[in-house]
**Student:** 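Just dropping this structure here.
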Amino acid sequence: MAKFELKLPKMGESVAEATITNWLKNVGDRIEADETVLEIATDKVDSEVPSEVEGTLVEILFQVDDVVQVGQTIAIIETEGGEVASTPAAASTPTVAAVEQTVQVAQDVAAPVDFSASEKFFSPLVKNIAKEEGISISELEAIQGTGKEGRVTKNDILAYVETRGSQPQAVAAPAAKVEVAKPAAAPAAKATPVSVNGGDEIVEMDRMRKLISGYMVQSVQTSAHVQSFIEVDVTNIVKWRDKVKGAFEKREGEKLTFTPIFMEAVAKALKDFPGMNISVDGDFIIKKKNINLGMAAALPNGNLIVPVIKNADQLNLVGMAKAVNDLGNRAKAGKLKPDDTQGGTYTVTNVGTFGSVFGTPIINQPQVGILALGAIRKVPAVIETPEGDFIGIRQKMFLSHSYDHRVVDGALGGSFVKRVADILEAWDINREI
């Protein structure tokens, strides 16, 4: 007999940890090679962890809702025959003990942080930092926030962590100040009571909806949102797609929707206006080398996910269509990998799918812009010709551009969306596929 250490696998360059959501096997269960042992969740997608070997599950080192780092041992599987085992039994004992000690320490540190005991609002990012650094709720409430309505931001808590060790008495002193200021700040942070009667149904948000809720609030608190709108004549695009979509599907085995056409235009515009392909880190601007387009997709359960098309500017229309269809299909089927949602530098959302003419989308942090595509509609329009103007039926849509006014001014935000419109309106109706 030998023991094999089942570790949390690497799930992408930017994915460092995952939360255990469900154990599919119990101690004592027989496991086949490649059989799923447990389900995990990153901050964006759910995934499964299969076993690399055949054997019996003899030990579970983490429980549901525990956060595990990539590479950490999460379970021990006993195999038949020494050749299959990756770690001898004698060597695995101290490893298991060390993991158990780590879990116990983490639980001891996290236990005092009961955020429900506070009336103040703290973003998910701030809460995570507080848990990792072992900051109690009293310490967190004592931090002087610089965010909207005095809320604690990422920079506030990181600054506190840096000075925490050198100022051991700092917690007690600010606490007195907070007590004085708390009566004035409490009404703004306190949630409005919700009345419930006997006919109302109370349903708890699922894990993904809670994450989305936190991200949306955090984005509004972080970025100074401003919008620009522009109407686009896409008559040539509609006619061109109607003409070629049949041949395209027959040749490529893929449906040609409007989405890859719009994504191609956005990628071209980002090359012309690299100031939109950036992110903000405190007082620093990070200029992104690659153009990675996020594509907001609605899931069957009503939640939202944003898979990312990497290096979108390097794809032709056929490649873009294949990437859009692949990510869209895997999103609906729940087959996205954690790395599929990482690394986005700009996001596009199609609100027209649901009939909306335009919208004011919330920026996908840490990006600085997001473009909403409105519904394509037949409308009467003035058409200019050498013989004079006349009224005709045209296919038109609105582009709604939300951008971060901290680093993007109206000139750049408006010029970018105008460039996208110009690319779409100049579409060659005789373009080859």
Side-chain angles (χ1 to χ4, degrees), residues 3-27 31 34-53 57-77 85-89 91-113 115 122-136 140 154 157-158 161-162 164-165 207-208 210-211 214-215 218 281 305 308 336-344 365-366:
K3 292 185 178 180
F4 176 85
E5 296 180 358
L6 180 64
K7 300 179 183 292
L8 183 66
K10 183 175 176 61
M11 298 169 288
E13 294 181 2
S14 56
V15 181
E17 63 183 22
T19 302
I20 296 176
T21 57
N22 186 30
W23 282 97
L24 302 179
K25 296 292 182 178
N26 299 314
V27 172
I31 299 174
D34 296 326
E35 185 177 8
T36 301
V37 180
L38 70 157
E39 296 174 340
I40 59 174
T42 67
D43 61 343
K44 295 290 179 66
V45 298
D46 296 343
S47 188
E48 300 174 340
V49 178
S51 173
E52 301 174 36
V53 299
L57 182 62
V58 295
E59 195 163 5
I60 291 176
L61 303 178
F62 291 91
Q63 302 303 316
V64 172
D65 293 331
D66 284 346
V67 178
V68 185
Q69 301 297 314
V70 169
Q72 273 191 296
T73 302
I74 51 182
I76 303 296
I77 300 174
S86 63
T87 307
S92 68
T93 304
T95 303
V96 175
V99 172
E100 290 176 339
Q101 184 178 5
T102 301
V103 174
Q104 185 60 48
V105 171
Q107 290 174 342
D108 292 342
V109 171
V113 188
F115 298 106
F122 301 105
S123 70
L125 179 60
V126 170
K127 290 180 181 179
N128 287 336
I129 295 174
K131 289 180 180 178
E132 292 173 2
E133 299 295 336
I135 298 174
S136 67
L140 197 56
K154 170 187 173 183
I157 192 170
L158 290 179
V161 170
E162 290 180 2
R164 190 184 183 196
R207 185 189 62 83
M208 181 173 284
K210 291 177 183 177
L211 288 171
Y215 292 145
Q218 177 195 356
D281 185 9
I305 198 165
V308 177
L336 287 176
K337 300 176 181 178
D339 201 42
D340 290 329
T341 61
Q342 305 294 325
Q365 297 295 327

**Student:** Quick one: salt bridge (charged side-chain N to carboxylate O under 4.0 Å, His left out) partners of Glu35, sequence neighbours excluded?
**Tutor:**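 Listed in chain order: Lys25.
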
**Student:** Are any of the side-chain heavy atoms of Ile76 and Phe4 separated by less than 4.5 Å?
**Tutor:** no

**Student:** Could you walk me through whether Leu61 and Ile74 satisfy the side chain to side chain contact (heavy atoms under 4.5 Å, CB included) test, starting with their C-alpha distance in whole Å, then the side-chain angles of each, then the deciding distance to 0.1 Å, before giving a yes or no?
**Tutor:** CA-CA 5 Å; Leu61 303 178; Ile74 51 182; 5.6 Å; no

**Student:** Measuring from Ile305:CD1 to Met208:CE, what's the distance to the nearest 0.5 Å?
**Tutor:** 4.5 Å

**Student:** I need the single residue from Ile20, Val67, Thr19 that forms a side chain to side chain contact (heavy atoms under 4.5 Å, CB included) with Phe62. Which is it?
**Tutor:** Ile20

**Student:** Search all heavy atoms of Ala41 against all heavy atoms of Arg207 and return the closest pair with its distance.
**Tutor:** CB-CZ, 3.2 Å

**Student:** Could I get the full list of side chain to side chain contact (heavy atoms under 4.5 Å, CB included) partners for Glu48, not counting sequence neighbours?
**Tutor:** Thr36, Glu39

**Student:** Could you grab the distance from atom CD of Glu133 to atom CG of Leu158, nearest 0.5 Å is fine?
**Tutor:** 8.0 Å

**Student:** Can you check whether Val53 reaches Leu6 side chain to side chain, under 4.5 Å on heavy atoms?
**Tutor:**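 Answer no - side chains too far apart.
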
**Student:** Which atom names give the shortest non-hydrogen contact between Lys7 and Glu5, and what distance separates them?
**Tutor:**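 Heavy atoms of Lys7 and Glu5 come nearest at NZ-OE1, 3.0 Å.
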
**Student:** Could you pull out the closest heavy-atom pair between Val308 and Gly343, with the gap in Å?
**Tutor:**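 Nearest heavy atoms, Val308 then Gly343: CG1-C, 4.4 Å.
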
**Student:** Decide yes or no for Ile60 and Leu38: does some side-chain heavy atom of the first lie under 4.5 Å from some side-chain heavy atom of the second?
**Tutor:**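 Not in contact.
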
**Student:** With rounding to the nearest 0.5 Å, note down the distance linking CG in Asn22 to CG in Asp65.
**Tutor:** 10.5 Å

**Student:** Looking only at heavy atoms, what is the nearest atom pair of Pro50 and Asp34, with distance?
**Tutor:** CB-O, 3.7 Å

**Student:** Work out which heavy atom in Ala18 is nearest to a heavy atom in Ile40; give both atom names and the distance.
**Tutor:**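 In terms of heavy atoms, the two residues are closest at CB-CD1, 4.0 Å.
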
**Student:** Rounded to the nearest 0.5 Å, how far does NZ of Lys337 lie from CD of Gln342?
**Tutor:**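 Separation between the atoms: 14.0 Å.
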
**Student:** Are the side chains of Val161 and Ile135 in contact, using a 4.5 Å heavy-atom criterion?
**Tutor:**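 Yes - at least one pair of side-chain heavy atoms lies under 4.5 Å apart.
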
